[in-house]
Amino acid sequence: MANKSTTTATKPAPKKDKEIVRDYFNSTGFDRWRRIYGEGDVNRVQRDIRIGHQQTVDYVLGWFKNDKNAADQTVCDAGCGTGSLSIPLANMGAKVYASDISEKMVGEGKERATDPENPVFEVKDLASLSGEYDTVICLDVLIHYPDADSEAMIAHLASLAKSRLILSFAPKNPYYILMKKVGDMVPGPSKATRAYLHKESDVRRVLKSLGFTIKRKEFTATSFYFSRLLEAVRN
Ligand code: SAH
């Protein structure tokens, strides 16, 4: 018979946002986002999100094209997903280090890549990334984290950036707070992670305190996707 004192069940600790996010992007989230970030048939909402997200990616690629310096740069794409940005950026000549907390997303990115050596894909939580890169990019990741965590994440990403940090996030303003409330009330299979909105003024304050200045910015809004994109350069 089992000794009671050794089998007493202790309640598992509540899952942290990070674990929830990682598990989601290795399971139902992987299936959902792999399709949204792909080319096959998707439903109307997913198509809308696909178009919005592609716009954000295209803005970043456009900045590199304008600057005509992709080939001289090392890029860290933190939370790279399936490589939607990393792969075209590598094909433009940048040396890209693409990482993501989800091994499934990274696996998909590797499959989609045309050059097996660039991007270099790695399964990694962005908090444990190290090294120095000309440009550090983090697109549509902060939506999974509350302000308190996001600040530390931005500070860490900034510490890896030699000259600039490109970030996107879902902006918090009265209109989007309302939209999110409505969205949260609609039942659906996609609500496995919470979506956190961030005040643009808070993100700017953090970047400023880290010694960065905003050089370019964009905004994408479709019916179901909205994302503020900031390019912050080191002073
Ligand atoms: N940046 C990509 C993917 C956005 S989806 C693009 O724009 O195409 C959000 C991604 O962030 C998911 O792939 C998820 O696994 C990843 N992610 C979430 N939290 C992370 C963390 N702490 N560290 C690294 N990646 C993370």
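One-based numbering, in listed order, for ligands and for the atoms of each.
Cation-pi contact between Arg112 and Phe121: absent, since separation from the ring centre below 6.0 Å together with deviation from the ring axis within 45° is not met.
A salt bridge links Glu151 to Arg205: at least one charged side-chain nitrogen sits closer than 4.0 Å to a carboxylate oxygen. Classification of Glu231 and Lys217 as a salt-bridged pair fails, no side-chain N sitting under 4.0 Å from a carboxylate O.
Each of Trp33, Tyr24, Phe25 was scored for a ring-ring contact (aromatic ring centres under 6.0 Å, His included) with His144, with one residue passing: Phe25.
Using a 30° and 60° split on the angle between ring planes, Phe169 and His198 fall in the perpendicular class, above 60°.
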Between Thr222 and Ile49, does a side chain to side chain contact (heavy atoms under 4.5 Å, CB included) hold up when you go through it step by step?
-> CA-CA 7 Å; Thr222 60; Ile49 297 171; 5.8 Å; no

Pairs under 3.5 Å, N/O atoms on ligand 1 and on the protein: can you put them in a table with the distances?
residue, atom, partner, partner atom, Å
ligand 1, 1 (N), Gly79, O, 2.6
ligand 1, 1 (N), Leu139, O, 2.9
ligand 1, 7 (O), His53, NE2, 2.8
ligand 1, 8 (O), His53, NE2, 2.8
ligand 1, 13 (O), Asp100, OD1, 3.3
ligand 1, 13 (O), Asp100, OD2, 2.6
ligand 1, 15 (O), Asp100, OD1, 2.6
ligand 1, 19 (N), Tyr145, OH, 2.7
ligand 1, 22 (N), Asp125, OD1, 3.1
ligand 1, 22 (N), Tyr145, OH, 3.1
ligand 1, 23 (N), Leu126, N, 2.9
ligand 1, 25 (N), Ile101, N, 3.2

